[in-house]
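A quick note: this is a predicted structure, and the numbers were derived from the prediction, not measured.
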Amino acid sequence: MESLDLRVLADALAWLQAGHSATLFTVVETWGSAPRPPGALLALRGDGLVSGSVSGGCIEDDLHTRARPAGGLPKLLSYGVTQDEAARFGLPCGGSLRLVQEPLHDGTWIAALLQRTAAHQLVARSLDLASGAVQLHHATRDQAMAFDGQTLTTLFGPRWRLLLIGAGQLSQAVAAMAAALDFEVLVCDPREEYAQPFASAVRRVDGMPDDAVRALQPDTHTAIVALTHDPKLDDMALMEALTSDAFYVGALGSQRNQATRRQRLAAHFNLSAAQLERLHGPVGLRIGARTPAEIAVSILAEIIQVKNAAT
């Protein structure tokens, strides 16, 4: 469900639309110290251009040889089953993996999958190895990748989103780092004095923070962090965020401020103890951060920790 996989598919679709041949490789099983997990993707263009990775670079050259000429039906490839093969292909000691090699004849399913994930849908893709047929289905977060030797089912989810409430110096640092981590970053701050532009990868959201949270319809791929230090703005956003499906909700402020904030949220917005328990505050991991950049690192480290635990 990583957005890196979506980028691989987007590259493959662009190649097909430009008239190139392309082959998709999917890691289906690993043993030992294999460097990439099941579900990892690599797309190989007919002229050798690569997008993604299935081994951290160890076996990509061999895949290039096996994939020519492009065409035919999907098939299984195995690497590193023996110690000699592991040494030959540079796999970690004892590591091995199996891949499905899939010639891409039609990009229709890729376009549909990318459209559905862009609409924040979770999609299961099933590939029948005997025919090469692909089907897309709605998926749920309790599903997992599956391969029975005949049918390969992989999951693709939307990009992880981060909504920042506040557009100050700290938000600038968090937004830049989150964009580098491939989050879809949104910023909401109605204060005119904080109307400075962000990087092109960051989208400004108009309106009041609580309205912005409601309009976003936070799902389990969404994190929301309140950074204005203004209760009139932060509390309204947190009221909506804590009753949503967002996987992470955080707020800037000291331990004392957080205790006072929780009292306000309980008294004025009728939030339950369970809902208040979801609030990460003070936001971020305790790493002794002092500068805006260091605090941004601590915030994103905690978001990643929660995200990876959830997946």
Have a look at L127 and tell me which of L24, T151, T153, V134 forms a side chain to side chain contact (heavy atoms under 4.5 Å, CB included) with it. V134
Side chains of I224 and L164: does their closest heavy-atom pair fall under 4.5 Å? no
Taking the side chain as C-beta and beyond, is there a heavy-atom pair between L300 and L181 under 4.5 Å? yes
Please tell me if the side chains of V123 and L155 come closer than 4.5 Å, counting only heavy atoms from C-beta onward. no
Positive for side chain to side chain contact (heavy atoms under 4.5 Å, CB included) with R7, one of D5, L9, D11: D11
Does the side chain of L227 come within less than 4.5 Å of I299's, by heavy atoms? yes
Once ring-ring contact (aromatic ring centres under 6.0 Å, His included) is applied, do any residues pair with H280, and if so which ones, sequence neighbours excluded? Y248
Between the side chains of T222 and R161, does any donor sit under 3.5 Å from an acceptor? yes
Do the charged groups of E102 and R125 touch, with an N to O distance under 4.0 Å? yes
Does any part of the side chain of L104, heavy atoms only, come nearer than 4.5 Å to the side chain of T23, both counted from C-beta? no
Mind checking whether V54 and Y79 have side chains closer than 4.5 Å, heavy atoms only? no
Qualifying residues under salt bridge (charged side-chain N to carboxylate O under 4.0 Å, His left out), relative to R116, sequence neighbours excluded: none
Could you tell me whether the side chain of D245 and the main chain of D219 form a donor-acceptor pair under 3.5 Å? no
Test: R159 and E184 ion pair at under 4.0 Å: no
